[in-house]
Chemist: 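Mind having a look at this structure? Questions to follow.
It should be emphasised that the depicted structure is a prediction, and the values quoted were computed from it without experimental measurement. Quick note on labels: first sequence line is chain A, next is B, and so on, each numbered from 1.
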2 protein chains.
Amino acid sequence: MALKHSRQRDVIKEFLMTRKDHPTADVVYMNVRQQIPNISLGTVYRNLTLLADIGEIARLRVGDGVDHFDADTSLHYHFICSECGSVIDLKMDNIDHIVDQVNAHFDGNIAGHVTYFYGTCKDCTCKSRGLAPQSQPTS
Amino acid sequence: MALKHSRQRDVIKEFLMTRKDHPTADVVYMNVRQQIPNISLGTVYRNLTLLADIGEIARLRVGDGVDHFDADTSLHYHFICSECGSVIDLKMDNIDHIVDQVNAHFDGNIAGHVTYFYGTCKDCTCKSRGLAPQSQPTS
DNA sequence: AATGAAATTAGTAATGATTCTTATTTTTAA
DNA sequence: TTAAAAATAAGAATCATTACTAATTTCATT
């Protein structure tokens with residue numbers, strides 16, 4: 001099944017490249033409709049899956065029950081805010097060495113690992129201290 | 001809302017303690033029905049969630065779209081076989097030190113991290129080599 | 001440029017895990 | 001014993017995602 005060009009896929013990929021906040025399929029759908037109003041949600045899902053399968057984008061599973069997508073496929077790690085749910089890129093060294101610790105006691109083939117960090121992001125930490133960065137009512 | 005005793009919850013917890021393969025809610029449901037035939041799937045979900053919330057069991061999200069549950073709440077890591085989907089306990093040292101690397105470049109509060117390993121388990125590695133441990137047809 | 005097979009799409013139905021609702025039953029403190 | 005609070009069974013609802021299908025688009029070959 002040779003890949004054929006599609007405008008829908010182009011627009012999806014281009015949108016994702018403009019965002020560094022790791023949007024969900026639904027967010028991609030809502031934004032891409034500004035350029036292709038009658039695009040189908042199924043088309044968004046299919047193309048996100050296809051792009052992830054061929055390695056052009058990354059699918060992020062961060063435990064919130066919804067898949068996130070990232071146009072940056074370089075090795076990096078993510079932080080998920082437990083309060084607002086935002087997914088933030090982290091600057092840190094490669095930690096693949098942790099796999100070595102597993103190999104020492106494990107029969108089987110380790111292909112890799114998934115690691116993400118969670119806690120409270122800067123904005124939510126400020127808010128909970130009553131130092132809301134913008135004017136936001138305390139909910 | 002003071003916790004009240006319930007046989008359903010007891011049986012669910014007891015079942016989970018007999019298993020080290022991290023069953024899903026549905027597997028818990030099917031097994032627990034042998035002791036409480038008319039237990040409801042909703043009751044299983046509610047109690048698994050409750051037990052996880054009070055820390056008596058752990059909820060595992062391993063990226064396969066289904067929650068797994070573990071009666072062993074001590075710190076340990078898991079391996080997920082990409083072929084058969086089994087979730088296996090790993091023996092390895094605490095790797096919480098990886099959080100230190102994040103703190104160096106991150107404004108916000110890191111509460112912890114989620115790490116799991118994936119690849120091919122021992123059994124599936126053997127099978128793919130044509131060394132099926134039991135008599136299994138090549139699919 | 002025309003042809004046609006393969007790929008893609010829009011629209012919609014289906015799926016599957018999980019949560020919610022409600023009327024009924026169970027627990028337990030007083 | 002009683003009654004309020006908690007828990008339950010059964011089923012409906014939700015939500016993300018996938019599957020289906022008929023129509024459209026792509027593109028290598030005429």
Side-chain angles (χ1 to χ4, degrees), chain A residues 1-16 21-54 56-70 80 85-87 116, chain B residues 1-16 21-54 56-70 80 84-87:
Chain A
M1 57 123 198
L3 206 59
K4 287 188 180 174
H5 178 260
S6 99
R7 184 162 96 89
Q8 285 83 348
R9 184 154 57 239
D10 286 350
V11 171
I12 289 167
K13 174 87 183 283
E14 277 160 25
F15 168 72
L16 210 55
D21 65 343
H22 320 85
T24 61
D26 202 60
V27 171
V28 172
Y29 174 57
M30 288 192 296
N31 281 273
V32 157
R33 272 201 291 184
Q34 293 174 8
Q35 290 168 77
I36 308 179
N38 70 330
I39 194 171
S40 158
L41 180 58
T43 296
V44 172
Y45 271 103
R46 182 167 20 77
N47 279 294
L48 287 171
T49 297
L50 190 157
L51 289 167
D53 285 349
I54 65 179
E56 288 196 25
I57 66 173
R59 182 194 298 263
L60 269 50
R61 301 207 148 131
V62 296
D64 62 355
V66 200
D67 286 358
H68 295 252
F69 296 90
D70 189 350
I80 296 91
S86 66
V87 181
Y116 56 86
Chain B
M1 60 124 199
L3 205 60
K4 287 188 179 172
H5 177 259
S6 98
R7 183 162 97 89
Q8 286 83 347
R9 184 156 55 240
D10 286 350
V11 171
I12 288 166
K13 174 88 183 284
E14 277 160 25
F15 167 72
L16 210 55
D21 64 345
H22 321 85
T24 62
D26 202 60
V27 170
V28 172
Y29 174 57
M30 289 191 296
N31 281 274
V32 157
R33 271 201 294 183
Q34 293 174 10
Q35 290 168 78
I36 309 179
N38 71 330
I39 193 172
S40 157
L41 180 57
T43 296
V44 173
Y45 271 103
R46 182 168 19 78
N47 279 295
L48 287 171
T49 297
L50 190 158
L51 290 167
D53 286 349
I54 64 179
E56 289 196 25
I57 66 173
R59 181 195 298 265
L60 269 50
R61 300 207 147 130
V62 296
D64 63 356
V66 198
D67 286 358
H68 296 252
F69 296 89
D70 190 350
I80 297 92
C84 67
S86 66
V87 181

Chemist: Assess the residue pair D10(B) and H5(B) against the criterion (side-chain contact (heavy atoms from CB on, under 4.5 Å)); give the C-alpha distance rounded to whole Å, side-chain angles, the decisive distance to 0.1 Å, and a yes or no.
Modeler: CA-CA 8 Å; D10(B) 286 350; H5(B) 177 259; 2.5 Å; yes

Chemist: Just checking, is any N or O donor in the side chain of T49(B) or R46(B) under 3.5 Å from an acceptor N or O on the other one?
Modeler: no

Chemist: For DNA chain D, which residues of residues 57-65 of chain B approach it to below 4.0 angstrom with any heavy atom?
Modeler: none

Chemist: Output the rounded distance in Å from CG (L50(B)) to C1' (dA7(D)).
Modeler: 10 Å

Chemist: Expressed in angstrom and rounded to an integer, what is the separation of M30(A) atom CE from dC15(D) atom C1'?
Modeler: 14 Å

Chemist: Considering residues at least two apart in sequence or located in another chain, which fulfil the ring pair (Phe, Tyr, Trp, His ring centres under 6.0 Å) criterion with H22(A)?
Modeler: H78(A)

Chemist: With no hydrogens and no angle check, do the side chains of D21(B) and H68(B) hold a donor and an acceptor under 3.5 Å apart?
Modeler: no

Chemist: Got a second to check how far L48(A)'s CG is from T43(A)'s OG1, nearest 0.5 Å?
Modeler: 10.5 Å

Chemist: Rounded off to whole Å, could you give me the CG-to-P distance for the L48(B) and dT19(C) pair?
Modeler: 10 Å

Chemist: Quickly, which of D70(A), D53(A), D67(A) forms a salt bridge (Lys or Arg N to Asp or Glu O under 4.0 Å) with R59(A)? Name it, please.
Modeler: D67(A)

Chemist: For K4(B), is there any backbone N or O sitting under 3.5 Å from a side-chain donor or acceptor partner on R9(B)?
Modeler: yes

Chemist: So, OP1 or OP2 of dA9(D): does either fall under 4.0 Å of a side-chain N or O from Q8(B)?
Modeler: yes

Chemist: Start with the C-alpha distance between Y29(B) and I39(B), add both sets of side-chain angles, then the distance that settles side-chain contact (heavy atoms from CB on, under 4.5 Å), and finish with yes or no.
Modeler: CA-CA 8 Å; Y29(B) 174 57; I39(B) 193 172; 4.2 Å; yes

Chemist: Counting the atoms with a prime plus P, OP1 and OP2 as sugar-phosphate, which does D26(B) contact under 4.0 Å by heavy atoms, base, sugar-phosphate, or nothing?
Modeler: nothing

Chemist: In whole angstroms, how far is the P atom of dT17(D) from the CG atom of D53(A)?
Modeler: 14 Å

Chemist: Calculate the interatomic distance between R33(A) atom CZ and dG11(C) atom P; express it in whole Å.
Modeler: 10 Å

Chemist: Between atom CD1 in I36(B) and atom P in dA7(D), what is the gap in whole Å?
Modeler: 15 Å

Chemist: Toward the 5' end of DNA chain C, which comes first, A25(B) or R7(B), by nearest nucleotide?
Modeler: A25(B)

Chemist: Could you tell me how far apart H5(A) (NE2) and dT8(C) (P) are, to the nearest whole angstrom?
Modeler: 11 Å

Chemist: Report yes if at least one side-chain N or O of R46(A) is closer than 4.0 Å to OP1 or OP2 of dT18(D); otherwise report no.
Modeler: no

Chemist: Apply side-chain contact (heavy atoms from CB on, under 4.5 Å) to the pair I36(B) and Q8(B), showing each step before the final yes or no.
Modeler: CA-CA 8 Å; I36(B) 309 179; Q8(B) 286 83 347; 4.0 Å; yes

Chemist: Regarding dA7(D), can its base be found pairing with the side chain of K4(B) as donor and acceptor, where the two atoms are less than 3.5 Å apart?
Modeler: no

Chemist: Of the residues in residues 38-45 of chain A, which ones touch DNA chain D at a heavy-atom distance under 4.0 Å?
Modeler: L41(A), Y45(A)

Chemist: Could you state the OH-P distance from Y29(B) to dG11(D), rounded to the nearest angstrom?
Modeler: 10 Å

